[in-house]
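Below you'll find the structure, written out as structure tokens, and then a few comments.
In what follows, chains are A, B, ... by sequence order, proteins preceding strands, each numbered from 1. Note that these values count all heavy atoms, side chains included, but never hydrogens, waters or copies made by symmetry.
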Protein chains: 2
Amino acid sequence: MNLEQVRALAAIVDTGSFELAARSLHLTPSAVSQRVRALESSVGQVVVRRTHPCTATPAGAVLVRLARQVELLEEESRDLLGITRAEPLALRVAVNADSLDTWLIGLLDAASTWPDVRLRFEVADEDHTLALLRAGQVGAAITTESEPVPGCRTFPLGVMRYLPVASADLAARFTGPDGVVDWAGIPGLRYDDRDDLQEHFLAARGSEAETPASQIPSAAGLRAALRAGLGWVLVPERTVEDELAAGLLVTLSDDVVDVTLHWHVWKVPSHRLDRLNEAIARAARDGLGPLPGGARGM
Amino acid sequence: MNLEQVRALAAIVDTGSFELAARSLHLTPSAVSQRVRALESSVGQVVVRRTHPCTATPAGAVLVRLARQVELLEEESRDLLGITRAEPLALRVAVNADSLDTWLIGLLDAASTWPDVRLRFEVADEDHTLALLRAGQVGAAITTESEPVPGCRTFPLGVMRYLPVASADLAARFTGPDGVVDWAGIPGLRYDDRDDLQEHFLAARGSEAETPASQIPSAAGLRAALRAGLGWVLVPERTVEDELAAGLLVTLSDDVVDVTLHWHVWKVPSHRLDRLNEAIARAARDGLGPLPGGARGM
DNA sequence: CGCTGTTACGATATGCGTAATCATT
DNA sequence: AATGATTACGCATATCGTAACAGCG
């Protein structure tokens with residue numbers, strides 16, 4: 001198996017097209033096409049879907065992961081040999097939007113001092129982060145599932161607590177004299193159409209959850225809408241602590257939603273990954289709630 | 001960094017010479033020499049000592065490990081793609097002689113059913129197994145130290161118990177009427193010149209251990225010499241259970257030497273390594289004593 | 001019809017083998 | 001001297017680029 005050809009495949013999946021891949025490899029599109037052709041004939045399977053953007057087939061995903069892991073090993077060796085490359089290595093990490101908006105910010109401070117890596121966060125739904133990891137597209141992922149992934153190490157990060165909040169006046173408008181919220185009537189907000197957390201919350205409260213919630217796929221936008229009284233939303237506790245204390249926002253219920261987050265990462269020996277693991281664990285310790293079933297470190 | 005060149009280096013270290021490496025790569029010695037030359041000029045360091053046999057320099061060791069780990073990843077990908085190569089992959093493991101003679105035999109039964117790997121045991125002194133692992137020469141090692149190796153995973157295996165034994169008549173000859181053994185007088189046996197276990201045992205008993213022990217670097221030979229009454233020796237308990245029960249051999253003291261063994265293995269995602277880890281853990285569970293400080297699984 | 005991937009074909013250059021040379025024992 | 005690594009050199013072939021072609025939106 002020719003690893004240069006595998007690299008070409010990875011570049012295509014990275015850039016999304018043969019043309020951009022050729023540019024990044026300092027080659028012509030023709031050469032890239034020929035490399036992929038040779039690779040496909042050697043493995044006997046189609047490795048890339050010629051779509052826009054180009055995507056890896058299941059067979060291609062295996063090879064993409066191979067390319068990335070070899071790249072990591074190679075950089076590790078280069079470090080040990082004292083050969084420093086000009087460009088830092090890209091570490092792709094799949095995360096959910098809420099994490100990136102909240103506790104992962106603590107990681108960025110640490111990461112800013114790493115000269116040899118460039119973090120590439122792929123924001124995805126919690127379910128989809130695992131798919132990206134399986135596909136070899138990312139080297140690590142934050143998930144809600146602790147189900148292990150082949151070739152990966154897993155450790156629990158902590159609990160992210162969501163509170164049902166709304167602006168004080170909106171809450172007052174939809175709260176009865178008995179202090180019970182009219183869940184079916186109060187307008188909802190949500191980040192994107194994959195946000196099933198809120199639907200579960202509503203379903204558990206008898207509301208059939210067909211409430212057409214406003215959709216604002218921006219953390220800042222969502223908070224602004226929240227403050228403006230456009231609707232209620234389940235948000236990470238940390239993001240609204242100040243507003244709650246100031247009385248601008250109120251919780252609609254004492255119930256909370258606790259989501260346990262897990263870290264999955266390639267089992268490849270790399271000090272870059274080790275350092276990332278440590279920093280992630282630290283950021284989680286600082287920014288997430290403790291684990292439910294007794295403390296277990298990494 | 002050209003991985004074909006790195007492969008050539010690994011082949012040289014494997015075979016011990018440029019010529020044999022060329023044969024194994026289906027090339028001429030000239031081509032191998034040129035590859036190494038190109039590699040050395042690209043990393044700016046000498047990677048192999050032109051001795052007999054050829055050995056890797058520190059820089060070369062880094063690259064050899066890279067080659068082996070990439071090979072493992074590549075095979076893993078090939079498995080996932082359903083491409084089975086003709087020749088199984090060589091997994092190199094550094095072990096101490098005693099383990100290979102005793103509890104590791106249980107592993108061989110399991111390993112015989114693996115069509116895709118060929119185990120290559122490198123027998124070495126316990127201290128040297130770690131060196132082989134660090135050098136990238138082997139992918140896993142059994143050691144007496146739990147000190148972690150960068151890029152490796154470690155778990156404890158269990159305790160190997162050594163008994164001081166001798167033939168019944170030799171024991172009788174060097175045991176006083178008070179039942180105390182004349183450690184300074186009784187002749188000793190040992191496997192090889194690295195066997196410091198016995199010297200420690202003697203030193204702890206006041207004997208200054210300059211006893212010129214007979215040296216028999218063969219497990220079968222050592223046991224034959226033991227039965228023949230040539231000397232006493234510290235041997236793994238399991239190897240002499242039957243003879244002790246039959247009264248052919250006797251223990252010279254109730255004191256035992258317990259050595260805790262540890263497993264170190266590359267942190268590379270490979271189902272071959274995972275399977276090996278499991279089998280090792282199982283063999284250790286069956287063939288070694290339980291861990292001293294409370295049971296902790298892998 | 002423009003965009004992007006593929007193919008045909010000529011050009012080049014990487015890298016091999018042959019054979020002579022050098023070093024080491 | 002013999003063994004094994006290196007080097008000089010010519011050559012083959014893999015691989016690239018150019019340019020024409022094809023599929024698709």
For the residue pair His264(B) / Thr143(B), report whether a side-chain donor-acceptor contact shorter than 3.5 Å exists. yes
Would you please confirm or rule out a distance under 4.0 Å between OP1 or OP2 of dT6(C) and any side-chain N or O of Arg37(A)? no
Is Arg50(A) near enough to dC24(D) that one of its side-chain N or O atoms lies under 4.0 angstrom from OP1 or OP2? no
Nucleotide [N], atom [atom2] - distance to [atom1] of [X] in whole Å:
X        : N       : atom1 : atom2 : value
Arg35(A) : dT6(C)  : CZ    : P     : 15 Å
Glu19(B) : dT6(D)  : CD    : P     : 12 Å
His52(A) : dC3(C)  : NE2   : C1'   : 7 Å
Leu25(B) : dG15(C) : CG    : P     : 15 Å
Leu39(B) : dG15(C) : CG    : P     : 12 Å

In terms of side-chain heavy atoms of [X], which of [options] is nearest?
X        : options                  : answer
Leu27(B) : dC16(D), dA5(D), dC16(C) : dC16(C)
Phe18(B) : dT4(C), dC16(C), dA5(D)  : dA5(D)
Ser33(A) : dG5(C), dA5(D), dT6(C)   : dT6(C)

If each of Asn2(A) and Ser30(A) is mapped to the nucleotide of DNA chain D with the nearest heavy atom, which maps nearer the 5' terminus, i.e. the 5' end?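 It is Asn2(A), whose closest nucleotide lies nearer the 5' terminus.
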Within a reach of under 6.0 Å around CZ of Arg23(A), are more than 12 heavy atoms found that belong to other residues, nucleotides or ligands? no
For a quick check of understanding: with a heavy-atom distance under 4.0 Å over all strands, which category does Gln34(B) fall into, base, sugar-phosphate or nothing?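 Result for Gln34(B) = base.
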Can you list every pair that meets side-chain hydrogen bond (donor to acceptor under 3.5 Å, both in side chains) and has a residue in residues 36-48 of chain A, with sequence neighbours left out?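 Every side-chain hydrogen bond (donor to acceptor under 3.5 Å, both in side chains) pair that includes a residue of residues 36-48 of chain A, provided the two are not neighbours, is Glu40(A)-Arg50(A).
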Carboxylate-amine/guanidinium proximity below 4.0 Å for Arg272(A) and Glu75(A): yes
